[in-house]
Each structure stands twice: as C-alpha cells, then as structure tokens.
Amino acid sequence: MMEIVCPAGTPASLRAAVKAGAHTVYCGFADETNARNFPGLNFDRQEMREGVAFAHDHGAKVLIAINTFPRAGAEALWYSAIADAERAGADAVIVADLGLLAHAARHHPGLRRHLSVQAAAANADVINFYGREFGVKRVVLPRVLSVPEIAAIKADTAVEIEVFVFGGLCVMAEGRCSLSSYATGKSPNMNGVCSPATHVEYHDDWGALSAKLGGYTIHRVGAGEPAPYPTLCKGCFTAGETTGHLFEDPVSLNAEALIPQLAKAGVTALKIEGRQRSRSYVAQVVRNFRAAVDAHAAGLPMPQGMLASLTEGQAATAGAYKKTWR
Amino acid sequence: MPASSVNLPLFPRLHALALRGVPLAPLSLALTGFARRIALRHPAMFRRLGDYAKARFVLDPTDLPVSMLLEPLAGRPRVQLSRRALQGDARIAGPLSGLLGLVHGAFDGDALFFSRDLVIEGDTAAVLALRNAIDDAELDLSAEAQAMSGPFAGPVKWLIAQAEARTGVALTRHEEDTDW
C-alpha cells in the first residue's frame with residue numbers, strides 16, 4: 001500500500017493525523033531549521049519526544065523536517081536539530097542542504113535521511129548522487145514534474161519517491177525561489193517563511209478585500225469572492241495590456257484522482273502539504289486520502305473527494321502532473 | 001468566482017436582542033475568571049503565543065450586539081465586553097458559531113477565511129499565533145465550565161446542552177474519529 005505522509009504543525013495536529021489514519025507524520029522544531037517557521041507553530045524538544053512516542057505507540061512514523069539552508073556561522077543550530085531528532089526517536093530527517101546531509105551522514109549514520117523538496121532534485125542523476133554520496137533513502141520530488149517524468153525517474157533509481165498530492169502549490173524551482181525576499185526580506189530557504197504573516201495585511205473596503213505583502217497590494221477581490229493569501233507567485237499583476245495571475249492561479253494541488261497512475265509510476269509515498277493548517281484540516285484531509293489509498297490497495301474505485309472547501313482560492317488543480325501550462 | 005460559504009449557523013436574533021439588556025461589567029469579570037482558569041489548566045497555550053502573549057485581540061461575533069477584547073497578558077488573561085467598537089492589535093470577526101467552532105476544532109480557520117466567513121484585520125501574525133495556540137490546546141469550553149462549577153456541574157452540562165440545541169452553536173469540543 002502507498003504510504004500517506006501527513007503534516008503536523010502542533011502536537012494536537014500530530015495526534016489528529018495519527019488518529020485519522022496517517023501512516024507517517026512530518027513536523028519540525030520551533031525555529032528557523034524548518035520551512036514552516038510560523039508564529040505559534042512547531043514543536044519544542046519535549047513535545048517532539050512525546051509526539052514521536054505517541055505516533056510509535058499507534059504504529060505511525062515521524063519524519064522531522066530540517067530543511068532550510070544553514071546560515072554561515074550558525075550551523076550549530078542545524079547540527080543540534082539533527083542530533084535532537086535522533087534523540088527524539090525520529091524515523092528519518094528531511095534535509096535539503098548538501099553540507100547538512102554530509103554532517104548527518106557522518107555523525108548520525110543510523111538516522112535515515114530523506115531529501116527535501118527544497119533540494120529541487122528533479123532527475124535520476126542528481127537523485128542517485130544524493131543516494132550514493134549521502135545515503136539518502138527517499139526523495140521528495142518538486143511539484144513541477146508530470147506523471148511520465150516521475151515514472152522515468154523511478155525507472156533509473158532505487159531511491160524511494162515521495163510526491164505531493166494535496167495542499168499549497170509551489171510552482172517555482174523549490175529551494176531556489178527568492179521572490180518573497182524582494183517584498184519582505186525573508187524567504188523559505190533561509191528563514192523558513194514564504195510571504196510571512198508578519199508582513200501580511202488585509203484591508204476591507206466596502207466588501208472588496210485587498211491582500212498586501214510588505215506594503216504591496218498583491219491581490220484584490222470583490223465582495224463574496226474567495227479571499228486570497230498574498231503570495232507573490234500567486235498574485236494578480238498587470239504586465240503590458242494583460243492583467244491576471246501571471247505566474248500561477250491561487251489554487252491548491254489535489255492529485256487524489258491520480259493515485260492509481262502515481263502508484264503505477266513507482267511512487268512510494270504521498271505527501272500532504274499544510275503544517276500551517278489546523279488539526280481540523282489535517283484530520284479531514286488525512287481521512288480522505290487514507291480512504292483513497294485503502295480503496296486503491298483493495299482494487300476499488302477512488303472515492304469522490306470532499307476537500308474543495310479546504311483549498312486556497314477554493315479551487316484545485318492537478319498541477320504539473322497533468323501539464324496544461326498557458 | 002463566488003466564495004463557497006461554510007453555512008455557519010447564526011445566533012438566533014431574538015436571543016441576540018436579549019443580550020442588549022445584559023450588564024456587561026459583571027459578565028466581563030466572569031469571563032476573565034473563566035479565561036484565567038483555562039490559563040491555569042493550559043499553560044502551554046500561552047507559551048505557544050510567544051511574542052504575541054501580550055497582544056490585544058478583538059473578537060467580534062457579527063451576530064451578537066457585543067464584541068470582546070481578549071488580552072492574554074502572558075498567562076493572566078483579561079476579557080472585556082463592549083457594545084462599542086473596540087481597538088486592538090488584531091480583529092477577528094465572524095459568526096459566533098464560527099469563532100467557537102475554531103476553538104473546538106470543528107472548523108479550519110484558513111477555510112473559513114478563504115470563504116469570507118471569517119474576517120481578519122490588523123496584525124496577521126498575531127492572529128496566526130492565537131489560532132495555532134488555541135488549536136493545539138484542544139479546548140472544550142463546556143468541560144471547562146463544568147469543571148469550575150463544583151456540585152453544579154450536572155445542571156451546567158444540561159444548560160450548555162440546551163443552549164447548544166437552541167442556538168446551533170458548538171459549545172463542546174469536536175472529537176476526531178478514530179477509524180484507524
């Protein structure tokens with residue numbers, strides 16, 4: 001059966017994910033070592049130890065994301081995160097930086113290593129390099145590949161493949177996008193935040209809602225239209241005579257219907273995005289996807305999804321899995 | 001594309017009108033005591049607020065004639081009700097059922113925001129911190145009220161169940177299924 005890898009931003013979300021049927025939960029420490037360094041989110045060391053114990057008691061695994069890029073002179077913060085992940089009993093760490101991977105392989109050889117989507121490894125050669133040099137057992141693929149491209153990669157590598165199937169959609173070369181820095185000075189790669197809430201403002205003007213990032217209006221919608229989050233790559237811009245979502249529409253990924261094709265392509269694990277979301281979201285999405293992979297394993301038709309209301313822009317896309325770029 | 005609302009139940013208008021005559025000062029004091037009891041039982045919630053433990057949150061149930069200023073004050077919370085517009089670092093507005101549904105884990109805050117059932121203004125990071133801290137605390141306001149009612153826990157439970165049935169507002173914690 002395909003493995004469902006579910007997000008947990010808090011201990012309560014971790015418990016909700018496990019109870020809802022997650023095979024595996026991923027989470028991070030409450031600092032800049034992980035790419036969801038948001039206010040009120042993440043785990044201190046004791047919460048992590050308790051979370052791992054709870055998951056293991058219920059037959060689930062825990063992966064700890066340490067997937068930002070260490071700052072020069074501050075590497076000790078990232079090294080201690082790796083050591084504490086091992087002490088907490090994590091089943092694997094999710095890492096993006098080459099130096100940190102080398103450190104983990106050298107000093108924590110018994111700790112399983114997964115390659116984060118932030119590493120943007122998108123072909124078999126580079127994935128095999130990570131596997132050979134750093135003992136990486138699994139790669140999380142960037143959200144820019146079609147199903148045939150994923151199958152081609154898997155045909156040439158023994159490294160396990162994990163792909164995103166639901167949640168926020170990042171269309172850039174992940175780990176290399178600095179758009180957020182231009183408006184806020186902070187990026188997911190270095191600070192663990194894309195379009196951070198500290199720089200977000202909403203203004204309601206007689207029902208019309210303006211969403212601003214770093215003082216710039218990124219999106220404006222009329223009364224009754226779905227509210228946007230002001231992420232630069234999903235903003236509404238005017239260029240020449242064209243006004244619209246020039247990079248990407250404010251929609252979320254939902255590849256639930258593609259589970260059979262992804263299984264056929266050799267995918268080991270299905271990842272759900274959303275560590276910044278509530279335990280209610282986590283429980284609903286996990287329950288839905290667990291039912292879907294159970295149905296697939298039993299040879300039954302895919303159940304109809306009920307997740308539209310949870311998605312950004314209240315609209316979903318199969319993303320690059322079925323490429324229909326403008 | 002129009003937003004798809006979550007269909008939150010609205011507080012019955014007649015009940016809301018009845019609140020217009022209620023003196024707010026003693027009610028504010030009672031709610032402050034209630035909040036402080038919750039703070040004692042859930043200290044991690046205030047630690048999770050981090051830099052925002054001293055922020056001032058205006059909670060505005062749009063189907064009630066009162067709004068609330070909540071000051072966490074790093075674990076010694078204070079609640080103030082008012083019939084006038086309140087000023088704070090951040091404002092969260094929406095039907096009472098939505099606001100309490102967030103506390104009880106029945107709804108996802110982002111989903112209510114995307115659907116425009118919930119409006120946020122001011123310091124977005126403070127709102128996120130509050131949402132995450134409350135979500136992690138797994139609060140059950142009904143259980144908290146019963147716990148502080150001593151020998152009257154039974155009647156209080158009955159009253160809360162009646163209020164829930166009459167208003168459609170979730171006053172108890174939403175339990176996740178344990179299918180697996």
Side-chain angles (χ1 to χ4, degrees), chain A residues 9-13 15-23 30 38-42 44 47 58-60 196-204 207 209 221-229 250 274 276-287 290-291 294 308-315, chain B residues 1-7 42 44-53 55 90-93 101-139 173-180:
Chain A
T10 62
S13 287
R15 292 190 291 273
V18 170
K19 288 179 186 175
H23 300 114
F38 292 175
L41 219 56
N42 297 314
D44 65 26
E47 287 171 338
H58 290 76
T198 44
H199 293 67
V200 170
E201 287 174 67
Y202 290 99
H203 293 283
D204 197 319
L209 184 69
V221 294
E225 289 185 79
Y229 190 85
Q276 72 283 14
R277 301 290 291 268
S278 67
R279 65 180 201 272
S280 165
Y281 165 93
V282 167
Q284 288 180 68
V285 178
V286 172
R287 203 174 294 123
R290 178 62 191 264
D294 281 358
S309 68
L310 293 170
T311 59
E312 183 180 359
Q314 298 193 318
Chain B
M1 185 185 73
S4 164
S5 174
V6 178
N7 273 337
H42 300 273
M45 181 166 62
F46 292 86
R47 283 201 302 274
R48 198 164 272 283
L49 278 172
D51 294 342
Y52 302 98
R91 174 175 170 266
I92 309 170
L102 290 179
V103 172
H104 288 129
F107 300 119
D108 175 64
D110 287 22
L112 291 188
F113 173 72
F114 293 148
S115 65
R116 309 284 294 267
D117 288 298
L118 210 64
V119 173
I120 62 172
E121 289 173 344
D123 190 333
T124 310
V127 174
L128 269 189
L130 180 68
R131 191 280 305 266
N132 291 332
I134 288 177
D135 196 54
D136 183 56
E138 298 178 293
L139 296 177
R173 182 178 147 196
H174 178 81
E175 289 294 337
E176 288 92 13
D177 294 336
T178 51
D179 295 335
W180 279 275

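Reminder, nothing fancy here: chain letters follow the sequence lines and each chain counts from 1. Keep in mind the model is a prediction, meaning the values are calculated, not measured.
Interface check for chain B: of the options A:His199, A:Arg15, A:His203, the most heavy-atom pairs under 4.5 Å are formed by A:Arg15. When each of A:Val200, A:Thr198, A:Asp204 is checked for heavy-atom pairs under 4.5 Å with chain B, A:Val200 comes out on top.
With respect to B:Arg48 and A:Glu47, a salt bridge is recorded, a charged nitrogen being found less than 4.0 Å from a carboxylate O.
Note: B:Asp136 CG to A:Asn42 CG = 11.0 Å, rounded to the nearest 0.5 Å. Atoms CZ and CD, from A:Arg279 and B:Glu138 in turn, are 5.0 Å apart once rounded to the nearest 0.5 Å. Interatomic distance, OH of A:Tyr229 versus OG1 of B:Thr124, reported as 7.0 Å (0.5 Å rounding). Summarising the geometry, atom CD belonging to A:Glu201 is positioned 11.0 Å from atom CD belonging to B:Glu121; distances are rounded to the nearest 0.5 Å.
With a threshold of 4.5 angstrom between heavy atoms, B:Asp123 does not approach chain A through any atom at all. Looking at B:Arg131, only its side chain comes within 4.5 Å of chain A, counting heavy atoms on both sides. Of the two parts of A:Ala223, only the backbone, made up of N, CA, C and O, holds a non-hydrogen atom closer than 4.5 Å to a non-hydrogen atom of chain B. Both the backbone and the side chain of B:Leu128 have a heavy atom closer than 4.5 Å to some heavy atom of chain A. When heavy atoms are compared at a cutoff of 4.5 Å, A:Asp44 does not approach chain B at all.
Between the side chain of B:Arg116 and the backbone N or O of A:Ala227 there is no donor-acceptor pair closer than 3.5 Å. With B:Asp108 contributing its side chain and A:Ser280 its backbone, the two residues share no donor-acceptor pair below 3.5 Å.
Inter-residue side-chain proximity for B:Asp51 and A:Pro39 is flagged as unmet; no heavy-atom pair is nearer than 4.5 Å.
Considering every non-hydrogen atom in both A:Ser278 and B:Gly109, the closest pair reads OG-N, 4.3 Å.
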